[in-house]
Structure formats: structure tokens, C-alpha cells
Amino acid sequence: KFIHTRSCCLLRAEPCFQLMSLSLTHTHTAQAKQCQLRTFLTYYINDLFLSQVRTETNKEIEAVTKVSDPLKILASADTMKNLGVQRPLLQSTVVVEKSIQDLMSLMQDLSAYSNQFLEMVCDKLKEYKEICNAAYRGIVQCEEKLTISASWAKDEDISRLLQSLPNWASMTQPRQLRQKREEEEDFTRAAFAKESEVLTGNLGDKLIPQNEILRDVSDLKSLANLQESMEWLATRLRGFFSNLPLSSDAQVNSENVRSREQILQTLTDLSRSFQDIADRCLLVLHLEVRVHCFHYLIPLAKQGNYAIVANAASMDYDPLVVKLNKDISAIEEVMGAALQQHKFQYIFEGLGHLISCILINGAQYFKRISESGIKKMCRNIFVLQQNLTNITMSREADLDFARQYYEMLYNTADELLNLVVDQGVRYTELEYINALSLLHRSQTGVGDLTVQNMRLQRLKEIICEQAAIKQATKDKKITTV
């Protein structure tokens, strides 16, 4: 009767684990002879109960993952409040975490079967990892081809570079442990410059078609939700697994010890895998908003010339700039609600530097530019700067730099040379060459090809002279000290 009563409790998934533990412990200390209760419990747990737990866990997880779009279903507000999280999590992630937590509790109650429960945890996490990877690919992949942002994030050289820059590292550091403000600004500006250089060089002057960017902001929202969920799950898993003993029983043989170590290593690797998914999502979001800039701003110069006649219509912002601003604003709205603040800042900080580089680099593609065209370019830069300033709450001085570059084009070719002498070198040699060449194409009376080449040669000489003066000044300061 006693065994029958206990078996009924187990079948109703209401096992008396304390009784089981006491029975198993008692019989461990007994001699070789085993009581009938121990024999029954061993049989029941091995052959029935573990299978029942696996089945119930599968049902719970499949209920939230076997849906048409698991990335669209978020946990309720009450659930988020109970979990103490500030940004939405995927319902599937919450359910998986709860299932893992339940399995870990069962493992504590039935410590003799801890390896079996840990194997279940491994299996469930492996399955969920594949579901999340498939959901990720469903967003960033179209007809076996990745979007440009996902392709860049997958590129080991690009991803390694981005994750080595200080603006990535600063996300994981409390603000009080970061460098002083002056040093931080120098480091972050260097990071923005390096990133802009690599991305611009990687893309070249290639035009980006619409099917290679993520146009639907709901896709970006899904990536942001996936990022937050994967990072949260990875953190929870590390907490679960960090204190697990290498073995559940001091008397187990060496073969079982190795097996336990392998299981724990698998669990550690799985935790890292979910963090990797989170990092990849964040990199894609960071890169995607930059790809949008390339998508709209490269054609701005390549679409034709800016030798337009000054009138009311010509002073409107360029349609491509308007579209880019609209995209940036839409992305900002979604990211602000879906991502924590430090990740939001990572996505948008430095964007002004990249836009400035694209616009300055675009001068080489203009066929011609008039005074009204220069004015329109400056207005384009201003409206982009205004939008970014509202997002990042900083001046976005890099766009001042771009505006001043186009304002140089109000000068004649010879005046531009004098400006470099008077103001010093502020841009690269190639950027000055592009500006001077655009003036040659745009203005009348600039002389024949020989005269133009002489100006280009003089420009190079001025830049070399300025560099020598700067170095001499630097050496003098060092000697004086």
C-alpha cells in the first residue's frame, strides 16, 4: 500500500522528494541488501519519472517556440516586473529559463541523478540555441544571402576590430571606473575614426541595394528583443552553473567524474553561445544604422551634379537625406524602448563621424557644384546634425567638420591654397585634392590642365610644409621640457 500510494503521487508529478532522498541515503549506508522501496524508487525514477519530466519540459518549451514567429511574442509586463528587468524579454526565453530552473531544483532533490538532469538541461539548451539561431537567420538572411550588416558582423576581422574598440568595452564598465572625461573623448574619437575608416574602406564606392538592408523596423525590434533575451539568459545560466560541484557523490568512479566534467564544460559552452548570439545581434544593430547611411548618402553625390540654380525648391533638403533622417528616427524610437541605455548609446554614438566621412568622401563623385549647391549641402548636413543631436544629446561636432569642408568650396582654386596656408591642414591630402579637383570641374577660368596640375602639386607641397612645421614645433616642446 505504501509503495502504491507513493507511485500514484509520482504519476501525478507530485513526488515526495524528501522521502526519496531519505530512502536513497538510508540504503546507501545500509549493507548490500536493498529494501523493496529503494528498488522500486530506482526503477521508477530511471524508467518512468525522468522520462515524464523530459516530456513535461518539452511540452512547456514547445508551447512557446513552435509558433510562427517566436521573436514577436514578449513576456507580459507583470512577468518583467517579477523578474526585475527593464526591457522586454522573449516569452520563450523566460519559459526556457524557468524550465532550466525547475530541472536544477529537481537535481538538488534527487542528487544521485544530477547527471541525468544536467543532460536534460544540455539537451533543452542546445535545442533552444538552434531555435534562436534560426530566428536570427530568418531576419538577416534572404535567399541564402546575408544582409550587409550581418555579413560584416560575421566577418571575424570586422567583428574583432569592433569589439576591441573602447566604445564596446565601455559598455561593460561601470561609469565610475571609466577613464577621465578628457581621456575618454580622445579614446572614443579614435575609435570612431578607426571604425569609419574600416567600414568605408570595406564598402568602397559600392551602392547598396534595398534588399541588402533591413528596411522594416520591426525586424530591428526583434533583433533588439533577441539581444536582451540572450544576454539575460546567458547571465542566468552562468549563475546556475557557477557553483555546481564536479561530482555529486564522493564515491563515484573516475569515469563518472570525467563525464560530469564534460557535462559542465558543455553547459559553460552553451552559456557562452547565448552571449555570442547577444553580441552578434548588438553588432548587427550597430552596423545596420551605419549601412543605412551608406545606402542613402553615397548616391547623394553619385546621382548627378549639384550645380543647381538657386530658388525656393533648390533649398529644400535632398530627398535622400530626408529618408535617412526618417530611418534614423524610426530606429531610435524602437531601440530606445527595446534596449538598455548603454546599448542604445553604443548604436548611435559615433554615427556623426561616419556620416561626416561619407559626405566628405562624396566630394570626389560630384560632377560639378555651384554656390547654391554648396548651400544645399550645408543645409543637408545641418538637418542630419540636428537629428543626431536630439538622439545622442551631444553637439555632433564631426558634422561641423563636414559642413566646413563644403564651405571651403565657396573659394576659388587659388584661394583654397591660401586657406590651407593660413588655417593649417585640417583635412587629409586626398580630401583637399578632391575639393580642389571639384573646384576645377565647377568653376570657369581655372586654367588649362597644366595650370590645374601645378595647383595640385602646390597643394601637396603646402601640406608637406605644414607637416614639417608641426613636427618641428613638437620637437621643440619636447626639447624644452
Side-chain angles (χ1 to χ4, degrees), residues 148-204 220 223-224 227 231 275-276 278-294 297-298 324 328 331-332 335-336 339-361 381 384-385 387-405 425-428 430-431:
I148 289 181
S149 60
S151 178
W152 284 351
K154 187 179 180 181
D155 186 287
E156 290 187 4
D157 292 333
I158 294 177
S159 63
R160 189 185 305 114
L161 168 72
L162 293 179
Q163 290 176 298
S164 71
L165 296 177
N167 52 332
W168 175 273
S170 66
M171 287 194 298
T172 60
Q173 293 179 337
R175 188 169 293 275
Q176 62 269 24
L177 298 181
R178 298 183 191 178
Q179 295 164 313
K180 293 181 180 179
R181 185 62 187 170
E182 298 79 11
E183 297 175 349
E184 184 183 347
E185 287 181 356
D186 291 340
F187 273 100
T188 52
R189 281 189 61 81
F192 299 154
K194 183 64 177 177
E195 178 181 281
S196 297
E197 177 188 349
V198 169
L199 297 185
T200 303
N202 195 64
L203 186 65
L220 299 178
L223 282 177
Q227 196 284 331
E231 185 171 86
Q275 185 62 54
D276 288 343
D279 291 346
R280 199 185 324 143
C281 288
L282 189 56
L283 283 177
V284 169
L285 292 169
H286 177 87
L287 290 166
E288 184 61 34
V289 71
R290 284 149 178 78
V291 171
H292 280 238
C293 295
F294 285 115
L297 296 181
I298 290 179
L324 175 58
I328 291 175
I331 294 172
E332 180 243 349
M335 294 300 102
L339 291 178
Q340 296 177 59
Q341 183 63 25
H342 62 281
K343 300 172 191 175
F344 175 87
Q345 291 174 346
Y346 175 71
I347 289 174
F348 288 99
E349 285 182 347
L351 195 58
H353 189 284
L354 178 69
I355 292 175
S356 177
C357 288
I358 296 173
L359 292 172
I360 292 174
N361 189 55
I381 293 169
L384 287 167
Q385 183 181 35
N387 193 25
L388 276 181
T389 297
N390 291 335
I391 293 172
T392 64
M393 305 305 292
S394 64
R395 169 64 188 169
E396 296 297 337
D398 289 303
L399 287 168
D400 287 330
F401 197 62
R403 176 180 51 78
Q404 291 159 5
Y405 179 82
V425 177
R426 303 185 61 210
Y427 302 92
T428 67
L430 179 59
E431 288 166 352

Query - Pair Phe344-Phe348, ring-ring contact (aromatic ring centres under 6.0 Å, His included): steps then yes or no - result: CA-CA 7 Å; Phe344 175 87; Phe348 288 99; 5.0 Å; yes
Report task. For Glu396 and Thr392, run side-chain hydrogen bond (donor to acceptor under 3.5 Å, both in side chains): C-alpha distance rounded to whole Å, both residues' side-chain angles, the deciding distance at 0.1 Å, then the answer. Result -> CA-CA 8 Å; Glu396 296 297 337; Thr392 64; 2.7 Å; yes
Query - Trace of the side-chain contact (heavy atoms from CB on, under 4.5 Å) decision for Asp157 with Leu161 - result: CA-CA 6 Å; Asp157 292 333; Leu161 168 72; over 6 Å; no
Report task. Report the C-alpha separation of Val198 and Trp152 in whole Å, then their side-chain angles, then the decisive distance to 0.1 Å, and conclude whether the side-chain contact (heavy atoms from CB on, under 4.5 Å) test is met. Result -> CA-CA 11 Å; Val198 169; Trp152 284 351; over 6 Å; no
Query raised in the report: Passes side-chain hydrogen bond (donor to acceptor under 3.5 Å, both in side chains), Gln404 versus Arg426? Steps please.
Result: CA-CA 10 Å; Gln404 291 159 5; Arg426 303 185 61 210; 2.7 Å; yes
Query - Test side-chain contact (heavy atoms from CB on, under 4.5 Å) applied to Thr428 and Ile360, step by step - result: CA-CA 10 Å; Thr428 67; Ile360 292 174; over 6 Å; no
Report task. Let me see the working for Ile391 and Leu351 under side-chain contact (heavy atoms from CB on, under 4.5 Å), right down to the final yes or no. Result -> CA-CA 11 Å; Ile391 293 172; Leu351 195 58; over 6 Å; no
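Summarising the geometry of Leu399 relative to Ile381, their closest heavy-atom pair is O-CG2, 3.3 Å, with the distance given to 0.1 Å. Scanning both residues, Leu287 and Ala153, for their nearest heavy atoms gives CD1-N, 3.7 Å. In this structure, Ala191 and Leu165 approach most closely via the heavy-atom pair O-CD1, 3.7 Å. Residue Ile347 comes nearest to Met335 through the heavy atom pair CD1-SD, 3.9 Å, listed as atom of the first residue, atom of the second, then distance. Across all their heavy atoms, Ser159 and Leu283 have their closest contact at CB-CD1, 3.9 Å.
Between the CZ atom of Arg280 and the OG atom of Ser149 there is a distance of 12.5 Å, given to the nearest 0.5 Å. With rounding to the nearest 0.5 angstrom, the CG atom of Asn390 is 10.5 Å from the CD atom of Gln385. Distance CG/Asn361 to CD/Glu431: 7.5 Å, rounded to 0.5 Å. Taking CE of Met393 as the reference point, atom CG of Leu388 lies at 12.5 Å (rounded to 0.5 Å). To the nearest 0.5 Å, the span separating CG on Leu162 from CG on Asp279 amounts to 11.5 Å. A distance of 9.5 Å separates CD1 of Ile328 from NE2 of His292, quoted to the nearest 0.5 Å.
Remark: Gln341 CD is packed, more than 12 non-hydrogen atoms of other residues, nucleotides or ligands lying under 6.0 Å away.
Put simply, the side chain of Glu332 does not reach to within 4.5 Å of the side chain of Asn387, judged on heavy atoms. In this structure the side chain of Leu324 reaches within 4.5 angstrom of the side chain of Cys293, judged on heavy atoms. The closest side-chain heavy-atom distance from Leu203 to Leu199 is not below 4.5 Å.
At least one donor-acceptor pair closer than 3.5 Å links the side chain of His286 to the backbone N or O of Tyr346. In this structure, Tyr427 contributes its side chain and Tyr405 its backbone to a donor-acceptor pair below 3.5 Å. Distance alone, capped at 3.5 Å, places no donor-acceptor pair between the Glu195 side chain and the Phe192 backbone. The main-chain N or O of Glu197 is never found under 3.5 Å from a side-chain atom of Thr200 such that the two would form a donor-acceptor pair. Without hydrogens or angle criteria, Glu288 side chain to Leu220 main chain gives no donor-acceptor distance under 3.5 Å. Formation of a donor-acceptor pair under 3.5 Å by the Ser196 side chain with backbone atoms of Ala193 is not found in this model. Between the side chain of Ser356 and the backbone N or O of Asp398 there is at least one donor-acceptor pair closer than 3.5 Å.
Using a 4.0 Å cut-off between charged side-chain N and carboxylate O, Glu231 and Lys343 make a salt bridge. Taking a cutoff of 4.0 Å between a charged side-chain nitrogen and a carboxylate oxygen, Arg395 and Asp400 qualify as a salt bridge.
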